[in-house]
Amino acid sequence: MTEKPVDDVTFTIDGQEITVPKGTLMIRAAEQLGIIIPRFCDHPLLDPVGACRQCVVEVEGLPKPMMACTTTVMPDKAVKTHATSDMAKKAQEGTLEFLLINHPLDCPMCDKGGECPLQDQALAHGSNTSRFIDQKRRYDKPVAVSEQILLDRERCVLCARCTRFSDQISGDPFIELFERGALEQVAIYEDEPYESYFSGNVIQICPVGALTSTSYRFKARPFDVVTTPSVCDHCSAGCTLTVQSRRGEIQRQLARTNMAVNEAWNCDKGRFGFTHLTAPTRVTEPKLREGDDLVTATWTQALRTSVAAISAAKDAGPGRIAVLTGSRLADEDAYAASKYARTVLGTDDVDHRTRFAPSTERDELVAVLGRDTASYAEVEAAPIIVVAGLDAEEEVPILHLRLRKAWRNRTARIVVVGPDLGTLDELAWRHLPTAVGGEAAVLRALSGDGVLNGPGSEVAAALGEVESPVVLVGERAGAGSITAASLLTDAVGGSLAYVPRRAGARGAMQAGLTAGTLPGGRRLDAADDRAAVEAVWATELPEEPGRDLHAILTDAAAGRIDVLHLIGVDLARDAASVELARAALTKVKTVIVQDLAWNDTVREFADVVLPVSGRQERAGTATNWEGRAQRFSRAIDGPDLVQDDWEILLQLAAILGQDLGFNDLEALRAEVDRLGVRDEPHAMPAAAADAKLEDGEAAGEGFDVVARPLLLDNGTMLTGATDLLATAREPVVVVASSDAAELDVSDGDRVELTGGGGALTLPVRVTTNLQPGTVVVPTNAADQPAGVLADRDGNLRVTLTKVAAEQPTGEHSQEVA
Amino acid sequence: MELPPVLVTTLTFVILALLVWVLLSRTVLGRGFSVPLRNMFRPVETSQYPEKPRPVAPRFHGRHQLNRYADGLEKCIGCELCAWACPADAIYVQGADNTVEARYSPGERYAEDYQINYNRCILCGLCIEACPTRALTMTHEYEFSADQRSKLVYTKDQLIAGVPPGGDETPHTDRQVKERGLNYYGGLAVTPPTLHGGTYRPAGAAPASRAAQVVPTGDLPISDEQPTDPATVGGPTRRDPGRDR
């Protein structure tokens, strides 16, 4: 907790001697001895407050009872808990009697009943009777503080856990204690809706049933749910979860304590975002296209149709098939897809990304795998954190909590490199603005290779003074950023992490789901790598590195590809250029789709639809951005006809007369282990003096677009989570204040963005934390994805036109002021 | 030697009686016939079971019943404590929200679904002890058998007591319930949920005076009416539909 020189303090608790560092709270020291002092307000991850007065202990020599949760250890004192001290026991009983005076004791109908600390501790430490005979204080109940959370003020014991969480951990204090005395109560502000991405945590840490969940309301009891440990599949944070199901249906998901990753928290998306598994949009049976309709087929028919298309494409010549996987696959699926593409289809045309990445990124991703990646612990301890092309709260929320923790402990100075500050505006120490895609130049300049302005040289000087800074590079950082970041960490020390957004991105990188790469951080163009993989796979690998997403789509749109095999990717919505993706999907002869949901790609373009199982319906492994692999297990049974992605690939291979070499997950994992990783990691590619990055290049009028995802958007994995989506942030186009003045728009005005591929109408939000000449657009939160704005090369450059004001909201207005 | 006729008669009887006694008690055949002979003079023990069932002990553990208040509201709040207590895992309860438009029980919660599986139930009565509202009691009915297992899973409509005279079938509206001013839970009034049509609306722009949201004590319905004995409220249980089928 403190960085001061550590002195040890020795004292006794209930006669047992213990030595702990100075400054330790008594309640923590007692825990080390296995003595549990009852408590409500105390939480190891929140600052002590001493609000509930339950943890009374007697300290010998002090006249008054002390609170174990706010008192630090004192040398040579004898502390007596309720176990040995009558005074402490009596005081605790008295406190509980007081806490229960206004508590409604409606435990039978309370959702917390059965897992309630107040219930448990009243039973263990309270007295049997209450002397209170009057009418209890009564409030209206329950009050919906947000669509997700119900507040029952009668049950509240004013422990302030929720308000401290909002203030200290999530940093969005929408919920606060109001009034005084007997009427003191938790409430939200009148004019601010409770729209936190982390609000679900207050339900979990509430020690009584004061804050309960709307989605779990009256659904189940702790004893009748089946609890399965799992790993969240919504982003690359890799939060560990507890999935609780009843009668084969998920009732709720809780954050599982894992101090190395998510501590005790998770975000609302991970907590409430499981309804897509049972939503009507779920794909539950194989389908085949007949004309404009998709008709139900058997698995045999669907697989045989796929195989016929694949065989025909293989016979038609090389390069007629491509495999595109989204970054949502489990590690095993990614490996199976990688092997399937290279050995069965004989192609290297694979890509796991939905953005059009620069050509250098392939080698960077391979090199990143070989390096030691920064971890959550390193982020928390880092004195300086450089964040480039990443908006952690929207993309990897738990990483945002770690950044915030590092910032709040006053140990970290956060430097943002990129066009916009995003949600880091409160935390950022310095913002080094760049043009879109210009992060690499600034990162290189920080390592001494380039010119810096005022704040930049300040950051460079600070980086020179500290040890082990952390550089986090996100997906949106421009070409060469990873290389530049590695040069920076090589120059000043510290560690680097590439933080992709989606849960399976790192797993896909490790499995070699990028053209030109091979599993285990290997490259197709390195002879020893090819030999190592060929030895295990017992096959000849394609010689030439394949095409990336942009090349695949371009060739497909030109009719040079016959079969697109999509595994968990919604190209029609997520691809960097929607126009190109739709052209490609229309042109290819057969689109084979393995997916969970009826997304645009499935509805409009799929010729064969193969239903797959979701994360909670299967076992597997997930690797988060740190490279930490975590197993998850099957919590519920999926629909009858779904299969895991790797199982489907196995069967396709079998019908094509090939053996993937494994029949179960154990064998698959054993093969991955046998393959291992490359002994000597590949080096980062040499920093290319990328030409196109002069920031003054703003040709003519128009704005560069930062397509930034929002955490809660129109993603298919949030289908059906109405309570959750009600707290989504409004999709806006963020405009720099100087540009806004020029365009004569202010907050709330609607503007039409017109880009190379289409148009989009959004309300404006003006900010000063944005590079002029740039606008920030949500990727998938408006009625159309940001990809419609891009031209066929994925370039996002738009013009803004103000839309007449009196149009009713929600209409796609074309009128221009 | 002439014996007096009286003596002859007496001796004859004695000898005959001895012979009969020896016949009945010392021979297999006689012992067998003695049983009906003896029972001809005893009171009849046979119960005319299907026609005239015998009364059971007052605390007999028979089939369960979900009781109602006098106005017809269900006592069950769907808390699942019975299911929790059940050693045979025979009870399934699914709670749900009472709404302003459709109120089934006092308070926020009611049992949307309630099932007891009599394939598993051991009629131990732990559920009755666990019930916090005396919603679940046991009747004296023990005649439940079926030719299919599925028929032994009793659902809520089979278990719930009939509507007492003067009461209404659930659901009620909140207005109806409030107008009656009945004291549920032994004198404590019911806090109505602020729930309209099944969805919660955020309390956005909450009234400036939060203290005004406190329900004043004076508004509590004070009634001298003693809550009626839970065990007696509720009409006769419906005839077991399983048997009627």
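Chain letters run A, B, ... following the sequence lines, proteins first, then strands; residues in each count from 1. Atoms considered below: every heavy atom in the structure, side chains included; atoms not considered: hydrogens, waters and symmetry mates. Since the structure is predicted, the reported quantities are computational estimates derived from the model, not experimental observations.
Dense packing is recorded around CZ of R221(A), with more than 12 heavy atoms of other residues, nucleotides or ligands lying under 6.0 Å away. At most 12 non-hydrogen atoms from other residues, nucleotides or ligands lie less than 6.0 angstrom from CZ of F98(A). The local environment of CD in E249(A) is sparse, with at most 12 non-hydrogen atoms from other residues, nucleotides or ligands closer than 6.0 Å.
Minimum heavy-atom separation, C79(B) to P108(A): CB-O, 2.7 Å. Closest of all the heavy-atom pairs between F218(A) and A96(B) is CD1-O, 3.4 Å.
For the set R247(A), Q148(A), K219(A), the entry with the most heavy-atom pairs within less than 4.5 Å of chain B is R247(A). The candidate from P193(A), G114(A), C107(A), G113(A) with the greatest count of non-hydrogen atom pairs under 4.5 Å with chain B is G114(A).
Distance CZ/R109(B) to CG/D106(A): 10.5 Å, rounded to 0.5 Å. In this structure, CD1 in I91(B) is found 12.0 Å from CG in D224(A), a value given to the nearest 0.5 Å.
Residues M109(A) and N98(B) have side chains not in contact (no heavy-atom distance under 4.5 Å, counting atoms from C-beta outward).
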Practice prompt. Evaluate salt bridge (Lys or Arg N to Asp or Glu O under 4.0 Å) for R246(A) paired with E80(B), printing each intermediate quantity in order.
Written response: CA-CA 13 Å; R246(A) 181 185 192 191; E80(B) 301 192 31; 3.4 Å; yes
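In terms of modelled atom types and a separation under 3.5 Å, the side chain of E108(B) and the main chain of P142(A) share no donor-acceptor contact.
Interface remark: D723(A) contributes no atoms to any contact with chain B (heavy atom separation under 4.5 Å).
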